[in-house]
Amino acid sequence: MSVSNVYGCHVMAKPTSSICNLNCEYCFYLEKEKLYPENNTHWQMTRKTLELYIQQYIDAQSGLDIQFAWQGGEPTLMGVDFFQQAMELCLHYSRGRSVTHSFQTNGILLNDQWCELFKKYNVLVGISIDGPEDLHDVYRVTRSNKATHTKVMKGIGYLKKHKIEFNTLTVVHDLNSQHPERVYQFLKQIGSTFLQFIPLVERNNSVTEMASKTLTLVHPGETQAVITPWSVPSRRYGEFLNRIFDIWVKEDIGRIFVNMFDSTLATWCGYPSGSCVTAPTCGHAFALESNGDMYQCDHFVYPEYKLGNIHNMSIKDMNNSAAAKRFGQDKSEALSVDCQQCDYKFACHGGCPKHRFSVSPLGSPHHNYLCSGYKHFFQHTEPYMKLMKSFIDKHQSPANIMGII
């Protein structure tokens, strides 16, 4: 195997950069527009950049299956014609290899035309929704500060009309984290069968630092920072997962898929977690800005983590660069002493590097802010995970647990 094919990679393409039709108070990506002041007038990915990206991304893959991911900002702002063009270019450059697409959207602009495109190209659609109306509309508002839940539900209605399966991405913040059962039952009620719960953890620059900073939110390297009020407390995040798990393990195994539950069960069975957050290493999961700039990760779009621009350097070369390899390995090599000694290291591996800004109980720096929440979840679910593993070891369905608990 050649060196250039040692590392696979995944790219989250943002053809609108940080431009969005919503103004979610907690969004960590909206302020990225400060890094690209020219985006006020030139924020859309050009045809030249789009075609170059598709060529290079396909060329960077060693396997037969090519998975494209489109996000933002809000990707629907590019219009249907842009993505029709993108899908056609993917087919053209795939040279017979299998190409699939995922598309993360707030759902506001979805209509029949969008759904016809999704249906034609079998696009996996992800909808960002934070639960029932009162919990969703607290932070997810329009540029004019108007509620969005009704519009999101209308978009979901179009998906159902066209029989397009969708999954949901729910940001777990300070408010909806207090109502796990309501959030879970609501997501099931609207027809989501694959649920992602993303803990909201953001920090602001301290008052003394803000005057000299371009961005208000900070990357993990910052030392003086304060947790934003909308972030979820660590222990509460674990309790949120536990209370949903208690319903899922009795009623929904095999019918509803929750990313954290599935990843944890995989690790108990000796398989990779399937989530970069709980994998031993990370990296090689890049974010692509509309102008072709590529960064180490969606959560690391800061100048220090820029790998290059596809107009000057290929995705394959950036993927196999020393910087990309080091970023991925740093996750495992920088574990705190507490993590190295933890009984649940196999299931967690220290979590996302973005959240490693706390001091551990043993006094180690660079410890994960969410550690107590993760540990609360792993301890609570351990007996159920062991029982489900026993069924799997016997080549039986883990859903058998629902009949005996």
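Side-chain atoms are counted along with the backbone in the values below, which use heavy atoms only and exclude waters and symmetry mates.
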Looking only at heavy atoms, what is the nearest atom pair of Ser177 and Val172, with distance? CB-CG1, 3.7 Å
Return yes if some donor-acceptor pair links the side-chain N/O of Thr228 with the main-chain N/O of Glu202 below 3.5 Å, else return no. yes
Using atom types as modelled and distance alone, determine if a side-chain donor or acceptor of Glu74 lies under 3.5 Å from a backbone N or O of Asn106. yes
Which residues pass the salt bridge (charged side-chain N to carboxylate O under 4.0 Å, His left out) test with Asp134, not counting sequence neighbours? Arg182
Residue set satisfying side-chain contact (heavy atoms from CB on, under 4.5 Å) with Ala347, at least two apart, ordered chain then number -> Thr267, Phe378
Qualifying residues under side-chain contact (heavy atoms from CB on, under 4.5 Å), relative to His149, sequence neighbours excluded: Ile129, Glu133, His136, Asp137, Met153, Phe186
Selection residues 380-405 - residue pairs positive for ring pair (Phe, Tyr, Trp, His ring centres under 6.0 Å), sequence neighbours left out: Phe245-Tyr384
Polar side chain donor-acceptor pair, Thr168 to Ser192, under 3.5 angstrom: yes
Would you please say whether a donor-acceptor pair under 3.5 Å links the side chains of Tyr121 and Gln84? yes
Residues that Ser360 engages under side-chain hydrogen bond (donor to acceptor under 3.5 Å, both in side chains), provided they are two or more places apart: Asp338
I would like to know whether His376 and Glu239 meet side-chain hydrogen bond (donor to acceptor under 3.5 Å, both in side chains); could you show each step before the answer? CA-CA 7 Å; His376 186 40; Glu239 183 64 18; 2.7 Å; yes
Might you confirm whether atom CG of Leu64 has over 12 heavy atoms from other residues, nucleotides or ligands at distances under 6.0 Å? no
Residues two or more places apart in sequence or in another chain: which of them pass ring pair (Phe, Tyr, Trp, His ring centres under 6.0 Å) with Trp268? Phe346
Side-chain touch Trp114/Phe103, heavy atoms, less than 4.5 angstrom: yes
For Trp248 and Phe261, I'd like to know if the aromatic rings sit close, meaning centre-to-centre distance below 6.0 Å. yes
Examine Phe197 together with Phe240 and report whether their ring centres are nearer than 6.0 Å. yes
